[in-house]
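Okay, structure first, notes after.
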Amino acid sequence: MAKDHPTFSSNFYQLCCFLFVFSALTPMSFVYWSRCFAPCKTESAIALPKQNQTFDLLAYPSAWNHLSFSPGPPPRLLKIALFVKRWPRRSLAGGLERHALTLHLALARRGHEIHVFTTSSSSAFPDYPDAKIKFHATPPSPAGYLNQALAWERFRVQNTTGKPFDMIHTESVGLLHGRARNLSHLAVSWHGIAYETIHSDIVQDLLRGPQEPRPSVFTERVAKVVDEVKFFRDYAHHVATSDHVGDVLKRIYMIPEERVHIIVNGVDEETYKPDAASGREFRRKVGVPDSATLVVGLAGRLVKDKGHPLMFEALKQVFMENASFQRNVYVLVAGDGPWGNRYRELGPNLLVLGPLEQKQLASFYNSLDVFINPTLRAQGLDHTFIEAMLSGVSVMGTRFASITGSLIVGPEIGYTFLPTVDSLKKSLHRILGDGRGVLAKKGEVARNRALQLFTAAKMAAAYERLFLCISKGAEVKDNNDYCKYPLPRDRWR
Ligand SMILES: *[C@@H]1O[C@H](CO)[C@@H](O)[C@H](O)[C@H]1NC(C)=O
Ligand SMILES: *[C@@H]1O[C@H](CO)[C@@H](O)[C@H](O)[C@H]1NC(C)=O
Ligand SMILES: *[C@@H]1O[C@H](CO)[C@@H](O)[C@H](O)[C@H]1NC(C)=O
Ligand SMILES: *[C@@H]1O[C@H](CO)[C@@H](O)[C@H](O)[C@H]1NC(C)=O
């Protein structure tokens, strides 16, 4: 299957980019430009100003992934402190830990000096021979969090004995707001905020069985949002990992716009890429016959809040109602959890594979015609969509704002459904109706979008620029203000 770059254009895109050029001459240019991005997103997102006019990066309203930063070596090497509850030891870590690993490994490989303040555990920290990463582990607090007093003392020693830190980065509340207060060289990345969770609460309550009691968290959630609104402002800079969360932080959490920056997660583009041969081999290995019409994949923890009861019910009904679907569609389920065994009940074309290591997971994606993530958790941004997209696979996901606003932005990339059995069944019928050719085409568009916006390199370049900007000092040396974009060193398209 050729997964090369398609060209994508629309009249709207041309009109909007045309408008941009003219609007650049007026004070309204910013408004026009940010509007421009919505329709431009799919391909040239990346509509850069045609003039050489620069703007203030900290006030940039869209995802920094749309900008093109210099791929060259960093102009200044930073000493960065990272506060993260846990450092991942296995490849199946959760989103926040994966983000910490992917980002800081990339920054360290670019030459920055990374100090990780995290909790100790029984297994040793991995060795990264090509990266300057130093671990400072402390025993966890009784509740299992990063012990703030101990970690901060380690930080202080590092800050006074060696070169002082240029920048502090915390993954969520790794560093609590009490300590973060008044630190200007600090950025926090949010992976799931309470406001987003309200949408999940509503969805899960609607799916609750008549005998199940409503969980108490349901009524506590709004109070939690109010708490967050109050303490979030103590952090100097905020990184939203989806466009939606950026909007919520500015509008509902009322954080000043120049302190909220959107950088959508990236994943390792060297690991997740199209490889038709390894996909074919994977299919054969797990027992998908060549005659299969479609291969559909699910991955992750096979638990209730990831939407597996819903997926199970939708597949069961579709199979019952349509024998051709049951015969010809193969469903590969990667991952672990209570719903693994339930899926096996659906018959021989449901192949439950168990948890996969990263390399196998990459082949798994390549074996698929479409990847489905039926998650009911709206928090953060699921890496699996991006992994599938980078592999050149079309994606299907729940209609949560972070997913539709940043990843599955239109039907040219994939499918979205409401978290109901009926809506999910409709989407399943649609993929079968569309067939392999249409899915492959969508997979190509998905791949191009992910390659332009959601690679680890892209994410690291954006964070590096943010850190250079916030930590200042650099402009003294080479006359560049890293809070401005573009600089002569940035890549123009
Ligand atoms: C504007 O940018 C172009 C291309 O990046 C460059 O060749 C040109 O010299 C710049 N002009 C000015 C006035 O800076
Ligand atoms: C780190 O050390 C520098 C230089 O002594 C000092 O200015 C800075 O306030 C220290 N940072 C923190 C967070 O204590
Ligand atoms: C932070 O700064 C504010 C105002 O400058 C000051 O009142 C407050 O005591 C400071 N808090 C800490 C924890 O240093
Ligand atoms: C089964 O699904 C396929 C594809 O959606 C459709 O073409 C076919 O008519 C369906 N058959 C029945 C019996 O509903």
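All ligand and atom numbering here is 1-based and tracks the order in the structure. Keep in mind that what you see is a predicted model, and the values were worked out from it rather than measured.
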Practice item. Look up atom 14 (O) of ligand 2 and tell me if a protein heavy atom lies less than 4.0 Å from it? Key: yes

Exercise for review: Could you tell me whether atom 7 (O) of ligand 2 has a protein heavy atom closer than 4.0 Å?
Suggested key: no

Check your understanding: Looking only at N/O atoms, are N159 and ligand 2 under 3.5 Å apart anywhere?
Key -> yes

Exercise for review: Please lay out, stage by stage, how E444 and R447 fare under the test salt bridge (charged side-chain N to carboxylate O under 4.0 Å, His left out).
Suggested key: CA-CA 5 Å; E444 284 176 18; R447 157 94 180 148; over 6 Å; no

Study note, to complete from the structure: Taken to the nearest 0.5 Å, the spacing of L298 CG from M311 CE works out to 5.0 Å

Exercise for review: For P164, counting its heavy atoms only, list the atoms of ligand 2 lying under 4.0 Å from any of them.
Suggested key: 2 (O), 3 (C), 4 (C)

**Study point:** Numbered atoms and elements of ligand 2 in range of L183, under 4.0 angstrom, heavy atoms
**Key:** 13 (C)

Review point. So, S200 versus R377: side-chain donor-acceptor pair below 3.5 Å or not?
Key: no

Review point. Is atom CZ of F155 surrounded by more than 12 heavy atoms (other residues, nucleotides or ligands) closer than 6.0 Å?
Key: yes

Exercise for review: Quick one: look at F165 and ligand 2, take heavy-atom pairs under 4.0 Å, and tell me if it's side chain, backbone, both or neither.
Suggested key: neither

Check your understanding: Under 4.0 Å between a Lys/Arg side-chain N and an Asp/Glu carboxylate O for D205 and R208?
Key -> yes

